[in-house]
**Student:** 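I am attaching a structure below and will ask some questions about it afterwards.
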There are 4 protein chains.
Amino acid sequence: MSTVPAFKRLPRAVREQQMLDAAVKVFSRRGFHASSMDEIAEDAGISKPMVYAYLGTKEELFVACLHREGTRMMQAIAGAAAPDLPADVRLWRGLRAFFGFVGAHRDGWAVLYRQARGEQPFAGELATMRTRLVEVVAGMLDHALRAEGREIAAIDLEVVAYALVGATESLADWLADHPEADPEKTATRMMNVAWLGAGQLLHGVTWRPAAD
Amino acid sequence: MSTVPAFKRLPRAVREQQMLDAAVKVFSRRGFHASSMDEIAEDAGISKPMVYAYLGTKEELFVACLHREGTRMMQAIAGAAAPDLPADVRLWRGLRAFFGFVGAHRDGWAVLYRQARGEQPFAGELATMRTRLVEVVAGMLDHALRAEGREIAAIDLEVVAYALVGATESLADWLADHPEADPEKTATRMMNVAWLGAGQLLHGVTWRPAAD
Amino acid sequence: MSTVPAFKRLPRAVREQQMLDAAVKVFSRRGFHASSMDEIAEDAGISKPMVYAYLGTKEELFVACLHREGTRMMQAIAGAAAPDLPADVRLWRGLRAFFGFVGAHRDGWAVLYRQARGEQPFAGELATMRTRLVEVVAGMLDHALRAEGREIAAIDLEVVAYALVGATESLADWLADHPEADPEKTATRMMNVAWLGAGQLLHGVTWRPAAD
Amino acid sequence: MSTVPAFKRLPRAVREQQMLDAAVKVFSRRGFHASSMDEIAEDAGISKPMVYAYLGTKEELFVACLHREGTRMMQAIAGAAAPDLPADVRLWRGLRAFFGFVGAHRDGWAVLYRQARGEQPFAGELATMRTRLVEVVAGMLDHALRAEGREIAAIDLEVVAYALVGATESLADWLADHPEADPEKTATRMMNVAWLGAGQLLHGVTWRPAAD
DNA sequence: TATGAATGAGAATTCATTCAT
DNA sequence: CATGAATGAATTCTCATTCAT
């Protein structure tokens with residue numbers, strides 16, 4: 001009786017989510033520039049001035065989308081890997097969570113993420129999000145290293161993490177473009193490359209997830 | 001002392017290059033949408049109609065930029081790796097050539113490449129270029145595998161290649177953003193991740209380029 | 001004293017009419033191509049975007065003008081001639097109504113009509129309108145023929161009607177160009193040519209309207 | 001060996017005709033505004049500056065086309081009707097010549113004529129041409145009247161002539177749009193309307209050309 | 001004579017954004 | 001709270017027209 005309470009005079013919080021839903025949808029379909037505030041407002045079933053009143057300018061709106069989706073993604077990954085597990089298990093779980101998220105939000109996050117690249121106004125936002133990821137990965141590596149009593153220059157760590165994140169994003173794109181592909185399988189492949197490297201792969205070594 | 005005779009009535013070929021230079025510069029600074037034909041024309045030291053006459057529409061102009069830069073890059077990589085070398089050497093040389101190119105064309109290619117992502121009109125062009133890269137890498141892996149008498153499903157190969165290319169692009173971005181970084185060193189780092197994988201890196205294994 | 005409350009925030013229907021008024025005026029003065037949306041908007045006392053928002057593209061705007069004026073004209077002629085009257089009386093009344101309309105809308109319809117000719121995009125629209133006229137005339141002739149129990153090939157009828165319509169339009173142009181001329185007199189002249197033909201005119205026969 | 005003398009360095013007069021041919025063709029296809037000097041020049045197989053050098057501005061070029069085609073048409077009609085023949089025969093011959101010309105130059109003159117209407121820059125030119133026609137017709141009528149010792153106010157004559165010319169032009173349009181139609185038959189139909197009028201046509205009277 | 005190179009000027013169209021109700 | 005009405009400001013693209021060679 002009350003899932004959609006008659007469509008009018010909704011509390012602000014609800015309206016904002018509707019708008020963000022619409023915005024994510026439109027932005028992901030059309031891209032940032034090709035999306036018009038008109039279309040977003042219409043899609044949200046609300047008038048333009050409301051959008052401005054609640055979420056502000058077009059850029060601010062896009063940033064709000066980024067934030068919401070980014071937060072959701074980080075949450076999805078967050079709980080995946082307990083710090084006391086071995087490094088490869090942690091990495092694997094993180095990847096599985098990540099690709100699972102992307103698979104479930106294909107035209108949501110993945111495309112949204114794609115939109116943010118290259119649009120200078122959002123370079124900052126995007127960098128922040130990626131940095132968070134990079135830090136997670138770098139942290140994981142560092143943790144593992146310390147466990148073995150070794151160390152690597154911070155910059156090396158960062159660069160390695162960067163490469164891993166880049167590879168992951170690239171496969172996420174691939175996944176978003178191949179609707180029939182299986183997220184978990186994709187995660188496994190990624191894990192193979194990331195953990196074993198091309199060298200070992202070429203020699204027939206493979207990495208397989210332990211049964212959970 | 002007179003390579004460019006004064007400033008006017010240059011032959012078409014010359015003007016086209018000037019325009020492409022300007023376009024690459026402006027596009028890379030501002031991004032595709034934020035760049036105006038006015039600015040590009042002005043920067044090329046010529047009037048807008050000439051740009052339209054020679055290179056066509058804004059989109060066509062951008063595509064022309066993509067082509068020129070893409071071709072240059074592929075050429076830079078092309079001769080780098082003879083097929084009869086061991087796989088790791090080939091990969092290493094390819095990476096070195098690639099990062100060398102990016103390092104030399106920082107605000108040219110790297111940024112241009114960034115712009116192309118996410119802008120739907122260029123998805124096709126970009127996909128084509130990336131596919132060429134992926135094929136090169138996949139081909140190299142395949143070659144190495146056959147040499148050992150083993151085989152991998154084509155799709156796996158593609159996915160691995162995708163991941164490697166993604167990681168490489170990601171580091172290229174990083175390189176483009178860190179003007180002080182050394183391309184060759186970056187290539188080495190990339191090689192480490194790509195060839196050895198995080199697992200071995202964590203155990204202190206490292207890959208080092210043989211003296212050329 | 002306040003039919004138009006100040007000058008701002010008028011309802012859409014009103015604004016649309018203002019715009020159409022301005023458009024008809026400008027188009028008729030300058031012709032389709034020489035008219036700029038700027039001038040039309042300014043003349044309508046509104047900004048360009050509103051014109052686009054309400055009436056669309058320049059071509060669509062022109063078509064809207066054609067429609068409005070065409071409809072008005074057909075309405076003016078519509079009631080003029082009851083089908084049970086003799087053919088000459090019906091023709092006469094139709095002509096009188098038509099020239100009356102043109103006389104009253106000199107720089108409106110007549111000139112607008114002139115603009116539509118030759119501009120390929122509007123060939124269709126114009127043909128439609130003219131066809132309606134031709135059909136009216138042809139129908140009238142056909143009706144009269146059947147009353148006498150005779151028949152003419154449909155194509156002959158069409159061609160005759162075409163000629164009559166052409167002659168009428170030509171005189172309408174003449175009328176629009178001679179502001180001092182009397183519409184009713186022009187209608188009478190047209191009636192003479194149309195009904196009696198040059199042959200009888202030369203022999204001193206004349207047709208005169210019966211007192212209404 | 002010399003119909004087309006090698007394509008270069010032709011005498012001015014020849015070049016001008018080539019250009020006019022091209023211009024008539026392009027103008028008639030595209031209409032005045034949609035025709036570009038580029039296309040005309042290309043179609044004439046010559047460079048733009050030459051067009052400007054020989055025929056001047058775009059408007060002047062169009063006027064030149066009008067003149068050439070108009071002159072040709074007047075010449076085609078000119079000899080058709082000796083002044084000592086009866087009025088109906090003269091009218092008939094004139095019409096036959098006119099429709100014959102139009103039929104032979106369908107996409108040339110007819111369309112060109114259509115283009116000139118409505119484009120204000122050519123109102124004058126076109127009016128001149130039409131006036132010449134109107135005068136011919138009016139003169140013919142006047143001549144016939146005087147032969148019978150009667151007279152009509154000059155303005156009435158003009159108006160009648162206007163109507164006849166309008167009807168004729170209208171049928172010419174019709175003819176130009178119906179490639180399968182027979183010019184001579186069209187002329188006959190026009191003659192019927194013009195000479196007998198709708199009144200007599202409805203009563204079954206018809207006019208038939210005497211055997212030549 | 002003939003032309004490739006070059007441009008000034010203008011036109012349509014679109015959008016993010018804000019009043020006034 | 002909500003919205004229809006309204007606009008300033010760009011931006012792409014086109015074309016007739018003219019130099020300089």
Side-chain angles (χ1 to χ4, degrees), chain A residues 8-12 15 33-42 45-54 56-61, chain B residues 5-16 33-41 44-54 56-61, chain C residues 5-16 33-41 44-54 56-61, chain D residues 7-12 15 33-41 45-54 56-61:
Chain A
K8 287 232 163 188
R9 302 271 161 176
L10 299 181
R12 173 160 187 154
R15 273 274 138 99
H33 276 104
S35 301
S36 77
M37 291 300 264
D38 272 291
E39 188 178 358
I40 292 171
E42 185 177 14
I46 222 157
S47 75
K48 253 190 302 179
M50 279 284 88
V51 179
Y52 279 89
Y54 281 175
T57 231
K58 190 184 180 185
E59 284 193 8
E60 289 165 345
L61 174 56
Chain B
F7 232 72
K8 296 215 166 191
R9 301 275 152 174
L10 301 183
R12 176 169 185 150
V14 176
R15 276 275 133 99
E16 278 184 346
H33 276 104
S35 302
S36 82
M37 293 299 265
D38 271 295
E39 186 177 0
I40 292 171
I46 210 141
S47 72
K48 243 188 312 175
M50 286 308 297
V51 181
Y52 280 90
Y54 285 173
T57 253
K58 190 182 178 185
E59 280 193 11
E60 288 165 346
L61 174 57
Chain C
F7 232 74
K8 296 214 163 190
R9 302 276 153 172
L10 300 182
R12 175 168 185 152
V14 176
R15 275 277 132 98
E16 279 185 345
H33 276 103
S35 302
S36 82
M37 292 299 265
D38 270 296
E39 187 178 359
I40 292 171
I46 211 142
S47 72
K48 247 189 306 178
M50 287 308 297
V51 180
Y52 280 89
Y54 284 174
T57 254
K58 191 183 179 186
E59 281 194 10
E60 288 166 345
L61 173 57
Chain D
F7 247 81
K8 288 229 168 192
R9 302 271 161 178
L10 298 182
R12 173 163 186 153
R15 275 273 139 101
H33 276 103
S35 302
S36 78
M37 291 300 264
D38 272 291
E39 187 177 0
I40 292 171
I46 223 157
S47 75
K48 253 188 307 177
M50 280 282 90
V51 179
Y52 279 89
Y54 280 178
T57 228
K58 189 183 180 187
E59 283 193 8
E60 288 165 345
L61 174 56

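Below, read A as the first sequence line, B as the second, and so on, with proteins coming before strands; counting in each chain starts at 1. For the numbers below, each heavy atom of this structure counts, side chains included, while hydrogens, waters and symmetry mates do not.
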**Student:** Give, for atom CZ of A/Arg15 and atom OH of A/Tyr54, the distance between the pair rounded to the nearest 0.5 Å.
**Tutor:**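 So the gap between those two atoms works out to 7.0 Å.
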**Student:** If every non-hydrogen atom of C/Ala41 is compared with every non-hydrogen atom of C/Ser47, which pair is closest and at what distance?
**Tutor:**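 Heavy atoms only, the tightest pair is CB-C, 4.0 Å.
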**Student:** Who pairs with A/Lys58 by side-chain hydrogen bond (donor to acceptor under 3.5 Å, both in side chains), at least two apart in sequence or on another chain?
**Tutor:**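 A/Lys58 satisfies side-chain hydrogen bond (donor to acceptor under 3.5 Å, both in side chains) with no residue once adjacent residues are dropped.
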**Student:** Suppose we call a contact any N or O donor and acceptor under 3.5 Å apart; does that hold for the side chain of C/Lys48 and the base of E/dT13?
**Tutor:**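 Answer is yes: a donor-acceptor pair is held.
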**Student:** From the list E/dA2, F/dT12, F/dA6, which nucleotide is the closest neighbour of the side chain of D/Tyr54?
**Tutor:**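 Taking heavy atoms from C-beta onward, the closest nucleotide is E/dA2.
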**Student:** As a test of reading the structure: which of E/dG10, F/dT3, F/dT7 is closest to the side chain of C/Met50, going by heavy atoms?
**Tutor:**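 Closest nucleotide among those given: F/dT7.
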**Student:** Choosing from E/dA6, F/dA6, E/dA16, which nucleotide comes nearest the side chain of A/Met37?
**Tutor:**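 Looking only at side-chain atoms, A/Met37 lies closest to E/dA16.
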**Student:** Please tell me which of B/Ala13 and C/Ser36 maps to the more 5' nucleotide of DNA chain E, matching each residue to the nucleotide holding its nearest heavy atom.
**Tutor:**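 The residue closer to the strand's 5' end, by nearest nucleotide, is B/Ala13.
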**Student:** So, taking the atom named CD in A/Glu42 and the one named OG in A/Ser36, what distance separates them when rounded to the nearest 0.5 Å?
**Tutor:**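 Atom-to-atom, A/Glu42:CD and A/Ser36:OG are 8.5 Å apart.
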**Student:** Counting only side-chain nitrogens and oxygens, does B/Thr57 get under 4.0 Å of the OP1 or OP2 atom of F/dT12?
**Tutor:**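 No, because none of the side-chain N or O atoms of B/Thr57 sits under 4.0 Å from OP1 or OP2 of F/dT12.
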**Student:** Of the candidate nucleotides F/dT17, F/dC13, E/dT14, which contains the atom at the shortest distance from the side chain of C/Tyr52?
**Tutor:**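 Output: E/dT14.
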**Student:** In terms of the nearest nucleotide of DNA chain F, which residue is placed more toward the 5' end: B/Ser35 or B/Pro49?
**Tutor:**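 Whichever sits nearer the 5' end wins; that is B/Ser35.
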**Student:** Please tell me which of the listed nucleotides, F/dA2, E/dT3, E/dT7, lies nearest to the side chain of A/Arg15?
**Tutor:**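 Of F/dA2, E/dT3, E/dT7, F/dA2 is nearest to the side chain of A/Arg15.
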**Student:** Can you identify which nucleotide, out of F/dT18, E/dA16, F/dA2, has its nearest atom closest to the A/Lys58 side chain?
**Tutor:**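 Given the options F/dT18, E/dA16, F/dA2, the side chain of A/Lys58 is closest to E/dA16.
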**Student:** Between F/dA16, E/dT3, F/dA5, which nucleotide gets closest to the side-chain atoms of C/Arg12?
**Tutor:**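 Among the listed nucleotides, the one closest to the side chain of C/Arg12 is F/dA5.
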**Student:** Counting Watson-Crick and G-U wobble pairs whose two distances are both under 3.5 Å, find the runs of 3 or more in a row that involve DNA chain F.
**Tutor:**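 Detected stem regions: E:2-21 with F:2-21.
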**Student:** Identify which nucleotide among E/dA20, E/dT7, F/dT17 has an atom closest to any side-chain atom of C/Arg9, counting heavy atoms from C-beta outward.
**Tutor:**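 Within the option list, the nearest is E/dA20.
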**Student:** F/dT17 C1' sits how many Å from D/Ile40 CD1, rounded?
**Tutor:**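 Between C1' of F/dT17 and CD1 of D/Ile40: 14 Å.
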**Student:** What are the two closest heavy atoms between D/Thr57 and D/Met37, and how far apart are they?
**Tutor:**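 Here D/Thr57 and D/Met37 meet closest at C-CE, 4.4 Å.
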